[in-house]
Participant: 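Right, I'll just put the structure down here and ask away after.
The analysis underlying the following values was restricted to heavy atoms, covering all of them including side chains, and did not include hydrogens, waters or symmetry mates. We name chains A, B, ... by the order of the sequence lines, and we start the count at 1 in each one. Worth saying up front: this structure is predicted, and the values here are computed from it rather than measured.
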Amino acid sequence: MKLVPKRIADYVSVPWDERRTEKVWSSLQAQSRARLGPAPRAVSLARAALVSAAAVLLVFVLLHRSGAHRASGTVAAANPPSMQGRVIDTHGAMQPVQLPDGSTLLLEAESRLWVLSADGDRVRLRLENGSVDCNVAHRPARTFVVEVGGGEIAVRGTRFRVTAARHAMSDHAGGWHVRVEQGSVEVRRSEREPSVLLQAGAFWSSEPRDRTAEPNTAPPAAVAPTLQGVAEPTPRPAQPTARELFSRADSARSARRHEEAASYLAQLVRRFPRDPRAPLAAFQLGRIRLLTLHQHEAAIQAFSFVLEHPTRSPFFEDAAAARVEAADKLGDLARCVAWRDRFIEAHPRSASAERVRRMCPR
Amino acid sequence: MSELHLRSSVSPPTDAALVEGACAGDDRSKEALYRRYVSFASGLAFRLLGNDNDLEDVVQDSFTVAFRTLSRLLNPQAFHGWFSAIVTRTAINTIRRRKLLVRFRLAHAAPVHIDTLVSPSAPPDVILELRLVYGLVDKLPTRERVVLLLRRVEQLSLDEIAEQTGWSLATVKRALVSATEMLDAQSQEGTR
């Protein structure tokens with residue numbers, strides 16, 4: 001028998017067990033169910049050819065447009081620092097951008113932003129895809145506008161996030177939403193419609209059916225009065241199915257557009273509570289709210305849905321641990337202690353037991 | 001004859017067979033691929049991340065990408081190398097994203113826990129090497145960090161690192177030189 005020497009890598013203890021193997025497999029299966037079945041190779045090749053052709057066309061159009069901008073921007077280029085005409089495409093990684101007026105942007109992966117103008121008097125950006133967090137320097141004399149999906153957001157100095165729909169050819173075409181973190185912003189769905197003033201904490205979506213999607217994130221006082229009066233230009237499209245919602249959430253999550261993913265998952269849980277995907281959707285929603293959006297009370301609601309669901313999901317134990325963590329972060333000592341003790345009693349040998357035991361210190 | 005038949009019937013399917021099956025829409029082939037490679041993926045991802053924080057996400061995202069793009073794999077028997085590159089690149093993106101979020105104070109840093117990372121059965125020289133490497137990685141830029149780990153822990157050749165990361169051979173060499181210099185400096189500091 002030949003002895004194979006161990007690699008150094010073999011001496012690293014990897015915290016992976018059967019439970020995690022099953023958990024990830026359940027998630028992958030749910031993703032797979034949410035999509036259509038895998039395409040045969042020939043179809044995939046045809047699709048790849050189609051996508052390649054579209055990509056070549058897109059590159060040509062972009063080059064042409066940026067070339068035109070370079071030509072018209074030669075005066076601006078002589079007057080640095082100007083970013084006019086730049087198209088920022090983040091591909092697979094997030095990208096921070098510093099604008100000449102002192103504002104900073106953080107673009108999510110798979111985002112595309114076009115800097116139409118960026119000087120001391122006027123900043124105008126166009127978000128063509130993905131998400132951008134804008135931290136806008138306060139300058140009363142300067143206008144700061146983000147164009148997205150036919151509408152625009154105008155601000156003076158504040159912090160907000162804009163997300164544009166990813167699938168331009170789906171029924172979600174042109175969809176976008178805004179979350180205001182600080183100050184206020186003016187949102188206009190199209191040129192023909194009046195603007196809406198959103199205050200800090202407000203969440204607004206350009207899609208009519210999403211406006212009431214998350215009651216905990218959309219303060220009605222800031223949004224409802226103007227939105228009620230908006231006429232529907234076209235008949236409302238069919239409501240997405242649970243599978244479509246799960247698939248959209250998954251795409252958004254993969255592209256790190258967490259708010260959008262949370263919005264889809266919340267819709268799925270609310271509209272299809274008996275669907276087999278609902279517990280997993282609620283668990284993922286809870287994780288996004290807890291770890292990324294830091295909405296701890298909303299995370300507790302999502303985890304409670306998993307724990308109270310008649311079908312015991314493979315994520316039951318994780319949801320119970322995560323609910324303790326959310327209560328801990330919320331500073332709700334009474335619920336934290338009660339849930340912690342219940343968790344330790346029910347799952348004394350859990351991989352999370354030690355971590356949960358350390359939570360809610362008095 | 002019967003022994004030969006028995007032997008061939010119990011031998012596990014090759015990667016190529018599973019890839020072909022998965023491409024044709026056979027869920028059992030897909031599951032078999034997952035179960036065959038999940039330990040490998042979690043191990044590689046954990047060693048590159050250095051902690052448990054994003055481990056499940058990296059493993060899940062890697063398989064999602066692999067299953068979604070499986071039909072592009074021209075040589076199905078080369079699944080192992082192709083999948084290694086997917087795991088490595090997913091981990092690289094995760095490390096970069098977390099660094100950025102930490103810089104913007106949108107997330108907490110996830111430090112490497114050397115004591116829990118090194119196996120109790122590791123011989124003293126391996127413990128020393130792992131402590132040295134993982135003691136440094138948090139201070140390195142992502143590229144140097146990944147190249148150092150792939151070289152010193154995974155013990156890959158420079159060509160293999162270039163292939164796995166998608167970086168040029170020259171970039172890999174430069175990153176390795178830079179990381180090794182820092183490693184030597186830290187090692188000398190430790191012996192003083």
Participant: Quick check for you: to the nearest 0.5 Å, what is the distance between A:Y11 atom OH and B:S121 atom OG?
Facilitator: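 Between atom OH of A:Y11 and atom OG of B:S121 there are 6.0 Å.
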Participant: Take B:V38 and A:V24, measure what side-chain contact (heavy atoms from CB on, under 4.5 Å) needs, and give me the verdict at the end.
Facilitator: CA-CA 9 Å; B:V38 68; A:V24 173; 5.7 Å; no
Participant: Salt bridge check: are B:R35 and A:E22 linked by an N-O gap of less than 4.0 Å?
Facilitator: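 Yes, B:R35 and A:E22 are salt-bridged.
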Participant: Measure B:V153 against the heavy atoms of chain A and call it side chain, backbone, both or neither at under 4.5 Å.
Facilitator: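 Its backbone and side chain both get close to chain A.
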Participant: Checking heavy atoms, do the side chain of B:L117, its backbone, both or neither come under 4.5 Å from chain A?
Facilitator: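 It is both, since atoms from each part get that close.
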Participant: Taking all non-hydrogen atoms of both residues, which atom of B:P120 and which atom of A:S13 are closest, and how far apart?
Facilitator: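 So the minimum-distance heavy-atom pair works out to CD-OG, 4.1 Å.
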Participant: Which residues satisfy the side-chain hydrogen bond (donor to acceptor under 3.5 Å, both in side chains) test with B:R143, sequence neighbours excluded?
Facilitator: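 Partners of B:R143 by the side-chain hydrogen bond (donor to acceptor under 3.5 Å, both in side chains) criterion come out as none, since no residue qualifies.
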Participant: Heavy-atom distances under 4.5 Å only: say whether B:E129 touches chain A with side chain, backbone, both or neither.
Facilitator: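 The side chain, not the backbone.
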Participant: Counting only heavy atoms from other residues, nucleotides and ligands, does the tally under 6.0 Å from CD of B:E31 exceed 12?
Facilitator: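 Atom CD in B:E31 is crowded, with more than 12 foreign heavy atoms closer than 6.0 Å.
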Participant: Measure the CD-CZ distance between B:E56 and A:R20 for me, rounded to the nearest 0.5 Å.
Facilitator: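 These two atoms lie 4.0 Å from each other.
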Participant: Between B:Q155 (side chain) and A:I8 (backbone), is there a donor-acceptor pair under 3.5 Å?
Facilitator: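 Yes.
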Participant: Side chains of A:R287 and B:D57: does their closest heavy-atom pair fall under 4.5 Å?
Facilitator: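 Yes. Closest side-chain heavy atoms under 4.5 Å.
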Participant: Apply ring pair (Phe, Tyr, Trp, His ring centres under 6.0 Å) to B:F79 and list each qualifying residue two or more places apart in sequence or on a separate chain.
Facilitator: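 Testing B:F79 for ring pair (Phe, Tyr, Trp, His ring centres under 6.0 Å), a comparison that skips the adjacent residues, returns B:Y37, B:W82, B:F83.
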Participant: With a 4.0 Å cut-off on N to O distance, would you call A:R355 and B:D52 a salt bridge?
Facilitator: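 Between B:D52 and A:R355 there is no salt bridge, as every charged N stays at least 4.0 Å from the carboxylate O atoms.
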Participant: Quick check, are the ring centers of A:W25 and B:Y34 under 6.0 angstrom apart?
Facilitator: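 For A:W25 and B:Y34, the ring centres are under 6.0 Å apart.
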Participant: Report yes if some heavy atom in the side chain of B:V118 is under 4.5 Å from a heavy atom in the side chain of A:V12; otherwise report no.
Facilitator: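 Not touching, per the 4.5 Å side-chain cut-off.
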